[in-house]
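Working notes, structure below.
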Amino acid sequence: MDCIRDMIVGLDTPVKLQNGTMIPAINLDNAATTPAFKKVVKEIDKQLLYYGSIGRGKGQKSAHSTKVYAAGRDIVKAFVNASEAYTVIYTNSTTDGMNKLASALIQSDQDIVLSTRMEHHANDLPWRERAQVVYAEVDAQGRLIIEDIERLLEVYQGAIKYVTVTAASNVTGYVNDVHAIAKLAHAYGAKIIVDGAQIVAHRAFSMQGDTPEENIDFFVFSAHKMYSPFGGGAIIGLTDVLNTHLPQFYGGGMVQAVCDDDVIYLPAPDNYEAGSPNYPGVVGMLEAMDILKNIGFQLIEAHEQRLLARTLAGLKQFPDVILYGDTKNISDRVGLITFNIEGFNPETVADFLASHYAIAVRQAAFCAHPYVRRLTGETNTSPCKAPTGMVRISFGIYNDEADVDCFLKAIETLISNTCLRKQMEHRMSAPLWLGMPHDRG
């Protein structure tokens with residue numbers, strides 16, 4: 001994958017360690033955000049030379065930008081294998097997209113939505129705040145229990161309007177069979193909404209299932225997790241459904257006419273995109289899609305599986321390391337691992353990796369508090385407070401075996417060096433984490 005490393009911005013940029021040394025950073029926090037492709041930055045720079053107002057002017061630059069922006073919707077649809085029955089709505093992120101969908105689709109606070117205990121807050125809170133939400137559970141290893149989705153659909157007998165589920169978890173990396181879930185939802189008269197934030201840079205995704213009953217109704221994702229961190233994203237949704245609703249985001253560009261006492265709104269996608277659009281974000285996202293397709297998702301998946309296997313094998317050598325999720329059968333996991341080290345707060349581990357090795361990771365509960373509690377065994381408290389959490393490493397297509405080996409060496413150093421352990425504990429004021437062991441390897 002050396003040639004792919006050459007495609008990424010900033011990999012050789014040095015950062016300062018605690019001792020003052022300058023070395024290139026190792027980014028193992030790709031599930032949060034990815035660096036940009038060089039071609040993405042180049043394409044944005046190129047298109048900004050011809051940038052004009054989108055859909056609002058008659059100048060040549062305005063016409064050019066409007067054409068690129070509009071044509072991009074077909075590129076997005078092709079990327080996720082969506083038919084002409086779907087409309088593409090540009091958003092700033094998955095969170096933005098989920099909030100727009102929830103504000104449009106939920107008609108009453110008595111509407112019932114089926115979600116899961118695996119979800120990121122972006123696919124939980126927008127529904128909680130507007131509807132009645134019921135949750136399917138996860139098993140002891142954190143996998144979604146599909147039978148619990150079916151049980152809840154049966155219990156509510158057609159009253160559930162939407163089933164909303166992540167395509168891949170940002171905590172364990174599990175990939176859900178969303179097409180099987182779609183078939184269940186449709187059998188009970190519900191529509192399915194899929195959070196695609198953690199899948200689009202890792203696996204090929206199709207809105208179409210093997211049968212029409214398995215088709216996905218709505219899919220939402222962010223570009224900043226697919227090598228275009230410029231605030232892009234999209235909703236791909238059924239046009240006929242979108243046209244019967246209106247999001248609670250109002251302003252210019254979404255209306256056909258405004259009179260003193262009346263408003264006539266445009267159909268989707270325009271009525272979901274009030275205000276001036278994020279043109280650079282859209283341009284970058286479209287270029288990133290093209291690059292990912294050219295690299296090939298089979299290659300990306302195989303590369304991630306190799307890095308996962310190598311990292312898990314290394315971490316299992318340390319008795320103090322607690323791993324979460326299934327560490328033996330990993331074929332349904334994208335390139336993501338969560339862990340803890342007994343005696344260390346997650347923040348201590350993350351701080352050590354950054355300050356001594358320039359390794360960027362994520363720590364805490366990853367905006368998925370109910371799921372993290374289930375994995376760590378922490379109880380649901382009253383009053384509510386955030387769980388202590390875990391440490392997460394997540395791979396991009398540019399990470400390699402050398403990154404893994406450096407990470408493993410850093411973990412070995414932290415665990416084995418008593419003086420260093422005391423030094424790190426002294427620096428961090430948070431209490432020691434004494435969680436329940438799950439997979440000690």
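Values in this document were obtained by computation on a predicted structure and should not be read as measured data.
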Counterpart residues, side chain to side chain contact (heavy atoms under 4.5 Å, CB included), relative to E273 (two or more places apart): Y69, R73, I89, Y90, P269
Donor-acceptor under 3.5 Å (R128 side chain, V133 main chain): no
D217-H186 side chain donor-acceptor pair, cut-off 3.5 Å: yes
Derivation and outcome, side chain to side chain contact (heavy atoms under 4.5 Å, CB included), residues V171 and M390: CA-CA 9 Å; V171 179; M390 316 158 166; 4.1 Å; yes
Y279 to Y51 - nearest heavy-atom pair and separation: CD2-CD1, 3.3 Å
Of all pairs that satisfy salt bridge (charged side-chain N to carboxylate O under 4.0 Å, His left out), the ones with a partner from residues 353-362, not counting sequence neighbours: none
K38 bridged to D6 by N-O distance under 4.0 Å: no
Full working for side chain to side chain contact (heavy atoms under 4.5 Å, CB included) between L414 and F344: CA-CA 10 Å; L414 179 59; F344 285 94; 3.7 Å; yes
Heavy-atom side-chain contact between R130 and S103 under 4.5 Å: yes
Chi angles and distances behind the side chain to side chain contact (heavy atoms under 4.5 Å, CB included) call for E137, R374: CA-CA 10 Å; E137 274 294 347; R374 282 160 172 77; 2.9 Å; yes
Whether H369 side chain and H121 backbone form a donor-acceptor pair below 3.5 Å: no
Salt bridge (Lys or Arg N to Asp or Glu O under 4.0 Å) involving E119 - partner list, sequence neighbours excluded: none
Nearest-0.5 Å distance that lies between atom CZ in F395 and atom CD in Q305: 11.0 Å
For A167 against V178, the heavy-atom pair lying closest together: CA-CG1, 4.0 Å
By salt bridge (Lys or Arg N to Asp or Glu O under 4.0 Å) - contacts of R143 (at least two apart): D326, D332
Heavy-atom closest pair, residues I415 and D320: CG2-OD2, 3.7 Å
A31 backbone acceptor or donor facing Q198 side chain under 3.5 Å: yes
Side-chain H-bond candidate by donor/acceptor type, T164 with N123, under 3.5 Å: yes
Modelled atom types, side-chain donor and acceptor of K100 and T91, under 3.5 Å: no
Salt bridge (charged side-chain N to carboxylate O under 4.0 Å, His left out) pairs, two or more places apart, involving residues 8-24: none
Exam field: side chain S222 to backbone A197, donor-acceptor pair closer than 3.5 Å: no
Side chain to side chain contact (heavy atoms under 4.5 Å, CB included) between V200 and F219, intermediate numbers included: CA-CA 11 Å; V200 287; F219 183 69; 3.8 Å; yes
S394 side-chain N/O to N30 backbone N/O, donor-acceptor pair under 3.5 Å: yes
Any side-chain heavy-atom pair of N176 and T116 under 4.5 Å: no
Min side-chain heavy-atom separation L408-L315 under 4.5 Å: yes
Heavy-atom neighbours of D210 CG exceed 12 at 6.0 Å: no
Distance (rounded to the nearest 0.5 Å) between M226 CE and F37 CZ: 8.5 Å
Check: H224 main-chain N/O paired with T34 side-chain donor or acceptor under 3.5 Å: yes
Contact check, side chains of V321 and K316, non-hydrogen atoms, under 4.5 Å: no
Beyond-backbone contact of T94 with K225, side-chain heavy atoms, under 4.5 angstrom: no
Closest heavy-atom pair and its distance - L152, A136: CD1-N, 3.7 Å
Y398 side chain to D403 side chain, donor-acceptor N/O pair below 3.5 angstrom: no
Side chain to side chain, M7 and I295, heavy atoms closer than 4.5 Å: yes
Side-chain donor or acceptor of N340 paired with backbone N/O of I322 under 3.5 Å: no
E401: partners by salt bridge (Lys or Arg N to Asp or Glu O under 4.0 Å), with sequence neighbours left out: none
E347 side chain to Q363 backbone, donor-acceptor under 3.5 Å: no
Partners meeting side chain to side chain contact (heavy atoms under 4.5 Å, CB included) with H120 (sequence neighbours left out): A122, N170, D195, C367
Backbone N/O of A168 and side chain of T166: donor-acceptor pair under 3.5 Å: yes
Heavy atoms of other groups near Y156 OH, more than 12 under 6.0 Å: no
Side-chain atoms of residues 227-237: list all donor-acceptor pairs with protein atoms under 3.5 Å, sequence neighbours left out, distances to 0.1 Å.
| residue | atom | partner | partner atom | Å |
| --- | --- | --- | --- | --- |
| Y227 | OH | I397 | N | 2.8 |
| S228 | OG | G284 | O | 3.3 |
| S228 | OG | M285 | N | 3.2 |

Min side-chain heavy-atom separation I216-V80 under 4.5 Å: no
Minimal non-hydrogen separation, A185 against V163, with atom names: CB-CG2, 3.7 Å
Within residues 274-299 or reaching into it, pairs that qualify as salt bridge (charged side-chain N to carboxylate O under 4.0 Å, His left out) - sequence neighbours excluded: K39-E287
Which atom of V41 lies closest to which atom of A36, heavy atoms considered: CG2-CB, 3.9 Å
R117 and D148 ion-paired at < 4.0 Å: no
Whether F218 and Y162 hold their rings parallel, tilted or perpendicular, with breakpoints at 30° and 60°: perpendicular
E150 and Y188: side chain donor to acceptor below 3.5 Å: no
Residue list, salt bridge (Lys or Arg N to Asp or Glu O under 4.0 Å) with D29, at least two apart or on another chain: R392
Distance, nearest 0.5 Å, that separates CZ of F339 from OG1 of T311: 10.0 Å
Residues that Q132 engages under side chain to side chain contact (heavy atoms under 4.5 Å, CB included), provided they are two or more places apart: Q110, I112
Donor-acceptor pair, side chain of N215 and main chain of A82, under 3.5 angstrom: no
Sub-4.5 Å side-chain heavy-atom contact between V113 and L105: no
Check: T413/Y357 side-chain N/O donor and acceptor closer than 3.5 Å: yes
Residues that K161 engages under side-chain hydrogen bond (donor to acceptor under 3.5 Å, both in side chains), provided they are two or more places apart: D111
